[in-house]
Each structure stands twice: as structure tokens, then as C-alpha cells.
Amino acid sequence: MAASHTLWMGLVLLGVLGVLQTRAQAQPSLQPNFQQDKFLGRWFTSGLASNSSWFREKKKVLSMCTSVVAPTADGGFNLTSTFLRKDQCETRTLLLQPAGPPGCYSYTSPHWGMVHEVSVVETDYEEYALLYTHAESTKGLGGQDFRMATLYSRVQSPRPEVKEKFSTFAKAQGFTEDAIVFLPQTGEGGTNLMGRLRSD
């Protein structure tokens with residue numbers, strides 16, 4: 001379970017690891033003129049795509065979690081996620097630090113020591129945000145790069161157009177249809193992959 005714990009620490013979001021038979025994609029571009037102050041507040045983790053074999057095995061039992069983005073003094077932010085664990089809501093916080101131009105962040109996995117890069121690729125701040133997470137391969141994770149796309153939504157039921165936008169985005173990063181999932185609602189807490197991996 002230690003490996004599972006590390007994988008979803010890549011998400012939030014995220015920041016999930018595995019083998020998809022696709023070629024590595026170029027790092028996607030960042031949201032132009034990203035404004036962090038508009039990105040703050042509550043989001044729902046509505047969609048995920050990953051090259052993780054663990055993710056593909058568990059995706060049918062995953063569900064939505066609530067995440068709150070709050071600023072930190074160094075220009076990064078805390079991502080606090082609420083999820084369901086053993087019929088009780090729990091919270092976990094992930095610290096994302098600035099890592100280059102606005103909209104680019106990073107955090108280090110406490111278990112493997114991997115540096116995860118998190119990019120806000122596209123957002124309108126009021127309805128949706130598309131994020132991409134990447135970590136270079138390590139021996140501890142089977143030598144495969146970790147990749148994940150995440151859809152954040154301000155509401156629990158994103159519009160079909162937003163979901164289609166996420167699917168198009170995920171496929172552009174090399175994810176296949178079976179690696180994309182839209183998470184069902186479960187109230188305040190969610191048994192989302194983020195929560196399960198962080199808490200194991």
C-alpha cells in the first residue's frame with residue numbers, strides 16, 4: 001500500500017502510475033497570464049486520466065472529492081482535499097510550491113522522493129480547470145514516468161461541454177479512452193483516488 005500512497009500523492013489533484021502503450025507526450029503549455037488569486041477557493045475533482053495500472057484497476061470504485069485551494073506565503077498554495085474513508089470524512093493537505101512561470105508548481109513525494117510537476121494548463125477560473133501532473137521515472141515506481149490529467153470543476157456536475165473539453169485534453173496527452181474517468185458524487189467526502197492513496 002506504500003506504493004499506492006505515493007502514486008495518488010501525485011495528484012490531486014493530485015496529484016498514479018502504470019503502463020499505457022503510448023509514446024511520451026510533450027509537456028503541455030500553461031494557462032496564459034495565469035492569475036492564482038482567481039484560482040483559489042473550492043473545486044471538485046470531477047475527472048481523471050492516468051497511465052497508472054493501479055488507477056485502471058480501481059477507477060470504477062473511485063468517486064469525487066472536494067478540494068480547497070488556499071495561498072501560501074511563498075507564492076504557492078495548499079490543496080486541502082476532503083474524502084470519505086471508512087464512512088467518515090477526512091482531510092489531507094498537499095503543499096504545492098512555485099516551480100517556474102505562473103501556473104507551474106511542484107511537490108516532492110515523501111515516500112519516493114520524486115518531484116512531481118503540476119501545471120495549470122487551462123482554466124476560466126469560474127467553471128473548470130485542466131491540470132497536468134508529471135514525475136520522472138524512478139526505480140521505486142517500476143521505471144515508468146508518472147502522468148496524470150485532472151479536471152477540476154466549481155460544481156459537482158460539470159456541463160457536457162466541459163467534460164468533452166477534458167476528454168479532448170486528456171487524449172492530446174496520449175491517454176486512451178479507457179484511461180479517462182468522470183467521478184461520481186458522494187456528498188462532502190469522496191473515496192476519490194487522492195484520498196485513498198494519501199491515507200493508506
Side-chain angles (χ1 to χ4, degrees), residues 1-17 36 38-50 52 54-55 58-72 74 76-99 103-112 114-121 123 125 127-135 146-158 162 166 170 180-200:
M1 296 308 292
S4 295
H5 174 87
T6 301
L7 295 181
W8 186 240
M9 286 294 288
L11 128 104
V12 215
L13 152 313
L14 120 72
V16 204
L17 191 234
Q36 180 171 293
K38 292 185 177 182
F39 187 71
L40 304 177
R42 186 175 71 169
W43 294 94
F44 296 97
T45 305
S46 300
L48 293 170
S50 176
S52 169
W54 190 95
F55 169 79
K58 303 295 184 181
K59 66 181 182 179
K60 290 183 179 179
V61 299
L62 304 179
S63 52
M64 186 178 294
C65 79
T66 304
S67 297
V68 177
V69 180
T72 59
D74 65 356
F77 59 77
N78 286 316
L79 180 66
T80 302
S81 296
T82 303
F83 56 92
L84 193 65
R85 176 175 168 80
K86 297 180 180 179
D87 298 323
Q88 294 187 355
C89 286
E90 295 189 11
T91 60
R92 295 289 185 275
T93 299
L94 187 66
L95 172 62
L96 281 82
Q97 299 176 313
C104 184
Y105 302 89
S106 70
Y107 73 91
T108 302
S109 164
H111 185 78
W112 296 112
M114 294 173 63
V115 176
H116 291 69
E117 296 182 0
V118 182
S119 302
V120 181
V121 177
T123 183
Y125 304 102
E127 185 175 15
Y128 73 93
L130 306 178
L131 280 71
Y132 180 78
T133 303
H134 175 260
F146 164 78
R147 299 187 299 114
M148 180 172 64
T150 307
L151 168 62
Y152 279 169
S153 174
R154 292 292 191 185
V155 297
Q156 294 188 40
S157 300
V162 172
F166 175 68
I180 301 171
V181 62
F182 292 98
L183 304 174
Q185 302 173 26
T186 57
E188 280 302 306
T191 53
N192 163 299
L193 180 59
M194 171 80 78
R196 294 184 62 169
L197 287 183
R198 285 185 185 173
S199 56
D200 285 336

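Since this is a predicted model, take the numbers as computed values, not measurements.
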Inset, instruction - Quick one: closest heavy-atom pair of Met64 and Leu183, and the distance? - result: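 Looks like CE-O, 3.4 Å.
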Legend entry - Listed partners of Phe166 passing ring pair (Phe, Tyr, Trp, His ring centres under 6.0 Å), at least two apart: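 In terms of ring pair (Phe, Tyr, Trp, His ring centres under 6.0 Å), with neighbours along the sequence ignored, Phe166 is linked to Phe182.
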Who are the side chain to side chain contact (heavy atoms under 4.5 Å, CB included) partners of [X], not counting sequence neighbours?
X: Val115; value: Ser106, Thr108
X: Gln36; value: Phe34, Leu40, Pro71, Phe77, Tyr105
X: Thr72; value: Asp74, Asn78, Leu95

Using a 4.5 Å cut-off on heavy atoms from C-beta on, say whether the side chain of [Y] contacts that of [X].
X: Glu127; Y: Arg154; value: no
X: Leu151; Y: Leu130; value: yes
X: Trp43; Y: Thr123; value: yes

Inset, instruction - Could you list the residues that satisfy side-chain hydrogen bond (donor to acceptor under 3.5 Å, both in side chains) with Gln97, not counting sequence neighbours? - result: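 Checked Gln97 against side-chain hydrogen bond (donor to acceptor under 3.5 Å, both in side chains); zero matches.
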Legend entry - Test side chain to side chain contact (heavy atoms under 4.5 Å, CB included) applied to Thr45 and Ser67, step by step: CA-CA 7 Å; Thr45 305; Ser67 297; 3.8 Å; yes
Inset, instruction - Starting from the C-alpha separation in whole Å, work towards a yes-or-no answer on side chain to side chain donor-acceptor pair (under 3.5 Å) for Thr82 and Thr91. - result: CA-CA 4 Å; Thr82 303; Thr91 60; 5.6 Å; no
Inset, instruction - For the pair Tyr132 and His134, name the ring-plane relationship: parallel under 30°, tilted 30 to 60°, perpendicular over 60°. - result: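 Taking His134 first and then Tyr132, their aromatic rings lie parallel (interplane angle under 30°).
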Legend entry - Heavy-atom donor-acceptor pair, Thr133 side chain to Arg147 backbone, under 3.5 Å: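 No: the side chain of Thr133 does not pair with the backbone of Arg147.
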Inset, instruction - Enter the distance from Phe44:CZ to Gln156:CD here, rounded to the nearest 0.5 Å. - result: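 The CZ atom of Phe44 sits 4.0 Å away from the CD atom of Gln156.
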Legend entry - Gap between atom CG of Leu79 and atom CZ of Arg92 - 0.5 Å precision: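 One finds 13.5 Å between CZ of Arg92 and CG of Leu79.
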